[in-house]
Amino acid sequence: PRWRQAWDDQGIFATANDDPKPKYYVLEMFPYPSGRIHMGHVRNYTMGDVVARYKRAAGNAVLHPMGWDAFGMPAENAAMAQKVHPKAWTYENIATMKKQLQSMGLSLDWAREVATCDPAYYKHQQKLFLDFLKAGLVAREYRKVNWDPVDQTVLANEQVIDGRGWRSGAVVEQRDLHQWVFKISDYAEELLEAIDTLDRWPDKVRLMQKNWIGRSEGLLIRFALKPETTPGGESELEIFTTRPDTLFGAKFMALSPDHPLSLAVAKNNPELAKFIEDCHHLGTSQEAIDTAEKMGFDTGIKAVHPFDPSWTLPVYVANFILMDYGTGAIFGCPAHDQRDLDFVNKYGLGNIPVVCPEGQDPKTFVITTEAFTDDGRMINSRFLDGMTIADAKNEVAKRLEKESRGNRPVAQRQVNYRLRDWGISRQRYWGCPIPMIHCEKCGVVPVPDSDLPVTLPEDVSFDKPGNPLDRHAAWKNVKCPTCGGDARRETDTMDTFVDSSWYFLRFTDPWNENAPTTPEIANAWMPVDQYIGGIEHAILHLLYSRFFTRAMKKTGHVNLDEPFGGMFTQGMVVHETYRKKNGEWAMPAEVTIVSEGDTRKATLTATGEPVAIGAIEKMSKSKRNTVDPDDIMESYGADVARWFMLSDSPPDRDVIWSEEGVQGASRFVQRLWRLVGEIADVTAPAERPTKFSDQALTVRKAAHRALANVSEDIEKLRFNRCVAQIYECANALSDAIGSAETAPSPDFAWALREAGDILVRLFHPMMPHLAEECWAALGHTTLVSTESWPTVEADLLVETTITLPVQINGKKRADVTVPRDAEKADIETAVLALDAVQRALDGKSPKKVIVVPQRIVNVVA
RNA sequence: GCGGACGUGGCGGAAUGGUAGACGCAACGGACUUAAAAUCCGUUUCUCGUAAGAGAGUGAGGGUUCGAGUCCCUCCGUCCGCACCA
């Protein structure tokens, strides 16, 4: 606390927007204020802090802010369960968690703190919404939602468990509700293409984003219908396909149950109406989809094959056709699509193979239960026969594009995306109000800018189901800003993903009360140079933020496309689980572990009851395998927690939190402190010696090598290797001191002090409190947190003589020590003279000798 | 089903195509101590050997190369993402 006080007093982590040094913006995903920080936060924020402290020392103006993703459902749940107001609950949690974060010694600029539930923040978000609306990036659509009839609320997919509401247990219904959507799909192509420019993002995340956007190229084809078979004389049906080449293998057409034509037929066909109704109850959960059988209903409608007026196809309504994708209708080619094949096999429609694998005789090629989806040559397809799939696709498109019906071509090429527009309406209280007003006369009217923010009313209750905003007459009923007549507010609030889609921009100038950003300042700080967070946000949060940045560019709030230059996804913190005899879980803090030889045994500390040691799993409340960061920081200190978080695993993999590991970290902290104490006891000359003994050189080399390696490893976020380097350096210094004569010579003493100064600055980003203490012990009066990063003496990294491994036929058999810049021929001579080589050659001359300078020698016998 | 990642000692993990196992944890032996803890010194991939040493070894099998944990192919296993996307 002493050092944190010193940092605060001197304000060394506050960042000025006019700092002339090169900028570096490091950001960790801001937390949801759930109550207390957990180990995942400790890991995330430690990594970010190492980067921030390193970059600051390396001469950058570092922006390293923190805030709170403060809207969301848990606050409402708490309100319902504990009769506390969501706002009070949230701000209490923020206060607790802020204190916890501060005790970690993070180098954050708290002056820039924002909370998304603060009207001073969401006011600007409402402004952004209105700007987006003007720019045509907002729309209002009917969307299917999961409706809980008991709680009278919309449920997210994750809240629907086995088709029932997670809280009420009521059977969930599908309802069409008016939803505000952001038109992210307008940017689908751009968001997809720009992924290739994100070269400092993990490949995995880039791939996940690509798949999520899900681009596919295909053909829209308008099939003619026999009007006498349709309910209202409809004459055509438009479908989307990526396989127009298989048109001559068509066996049926299928409509989504929600397709307008399906609904039209159902009006006079109770059986179909029932079928559609059943489809709606099938549920949207993964298991339901996995196990659902392909089912169809023949509407009696006949479609005409686009290349053969005499060829008609039956039109079915089928449960596996999605209204959301393409046109909600397909043509089915069973031979080359597994779903279509399952379907025809069930309804006895048969199949015609039209693509034949290379090398197979078309006459004997038949499809039974396995569709053929690989490449091949066209067969049974009239003018397409013999073509490749790609050529056939082209040929079909070319012919149908030329043909027209009713002044429009029969087909046109189209690109389709899996990405859907972003529905942001949530029927909840604790979120950012959507600044719109519904007027009977004028329709939906935006709240004028001058009336922002639309603040949440605080006098609400959660004792009844549904959204309290809906019941709050005084808040809800307003005058229409256009006509002045009676109107009502939009009572939906925004998805909390909106809040987190631009906070990184707000941090650049959180003091601007008039606008979301100050564009010059935002432009100067952006993009975020290093963003660090969990893989769970690899898709939605990052994609939404990328969209938001583009939308804010379009509306003049910032001038860049990609918000995050570098992205890093950290692994989880996992821990052993412990189970009592009665099946209950025990917490790590309640358990004592004893090692007996190779086996470990666990007992309850309080009662001595043995507990079973279970699998290592993600820390979770349900398995109770959590460790409270406060407990660790109290018993070991923040630096130990930080050090262990960085030490054990590569940062992108899971780290196993273990008592033994923490103790190891703690031992090392003590050791470093003793080591620095010993160095501090050495009296060194003020002047740098002109000559160094071998002993002194060894120490200097160890320190400078560690310096070079740690710098590189921090740049590449390889913190586990930094830790190993620092261990090695400390080991080398200990050894040097241990082997030294009683009174160190001046040059050795000087080298030791130099190495000590370097070592302390090297581990400062990881263990700032210890580093300050050590820095002071070494006699410095400055704060190590403000010191610059040491400079490597490159000469010290280069050895004058080196020892090369000598391989014989690829196996290491000897070493040879040669001058660093020895000629290949000289090395070869030296190697051939070695006993081991002579023995292996047995008098013969080698077939070949490969000398890789400064690396290795390989003798091929 | 589609896509991707990974597989190295008892464990976490190191290793620009160039000495496999850095560093840490655990374990074992020793010193100090009345004792324990802490600390310090040492051993620790496996097999054979008292030792010097020899042989094997990065999931399995094949290939490229003077040389493969690393690159290529096949298979096995684990994990992750998406998933009735036409």
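Quantities reported herein were computed from a predicted structural model and do not represent experimental measurements. Order of the sequence lines fixes the chain letters, A, B, ..., with proteins taken first and strands second; residue numbering starts at 1 for each chain.
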For residues 640-655 of chain A, which residue pairs qualify under side-chain hydrogen bond (donor to acceptor under 3.5 Å, both in side chains), counting only residues two or more places apart or in two chains? A:Asp49-A:Arg642
Output the residues of residues 200-209 of chain A in contact with RNA chain B, where contact means a heavy atom of the residue under 4.0 Å from an atom of the strand; sort by number or write none. A:Lys204, A:Leu207, A:Met208
Please tabulate, one pair per line, all N/O donor-acceptor pairs under 3.5 Å involving side-chain atoms of residues 720-733 of chain A, not counting sequence neighbours.
residue	atom	partner	partner atom	Å
A:Arg721	NE	A:Asp713	OD1	3.3
A:Arg721	NH2	A:Asp713	OD1	2.9
A:Gln725	OE1	A:Asn709	ND2	3.2
A:Asn731	OD1	A:Arg671	NH1	3.2
A:Asn731	OD1	A:Arg671	NH2	2.6
A:Asn731	ND2	A:Tyr727	O	3.4

Not counting sequence neighbours, which residues clear side chain to side chain contact (heavy atoms under 4.5 Å, CB included) with [X]? List them please.
X        : value
A:Ala822 : A:Val818, A:Pro819, A:Ile827
A:Arg339 : A:Lys294, A:Phe320, A:Asp337
A:Thr569 : A:Pro202, A:Val205, A:Ile535, A:Met567

Using the side chain to side chain donor-acceptor pair (under 3.5 Å) criterion, which residues pair with A:Gln412? Sequence neighbours excluded. none
N/O contacts under 3.5 Å, protein versus nucleotides 37-46 of chain B?
residue	atom	partner	partner atom	Å
B:U39	O3'	A:Arg674	NH2	3.4

Partner set under ring pair (Phe, Tyr, Trp, His ring centres under 6.0 Å) for A:Phe223, not counting sequence neighbours: none
Tell me, what's RNA chain B's dot-bracket, Watson-Crick or G-U with both distances under 3.5 Å, | for other-strand, [ ] crossing? (((((((..(((.....[....))).(((((.......))))).((((....))))..(((((..]....))))))))))))....
Residues 242-250 of chain A side chain polar contacts: donor-acceptor under 3.5 Å, at least two apart:
residue	atom	partner	partner atom	Å
A:Arg243	NE	A:Asp245	OD1	3.1
A:Arg243	NE	A:Asp245	OD2	3.2
A:Arg243	NH2	A:Asp245	OD2	3.0
A:Thr246	OG1	A:Arg243	O	2.8

Pull out every protein N or O sitting under 3.5 Å from an N or O of nucleotides 65-70 of chain B, one pair per line with the distance.
residue	atom	partner	partner atom	Å
B:C66	O2'	A:Asn858	ND2	3.1
B:C66	O2	A:Asn858	ND2	2.7

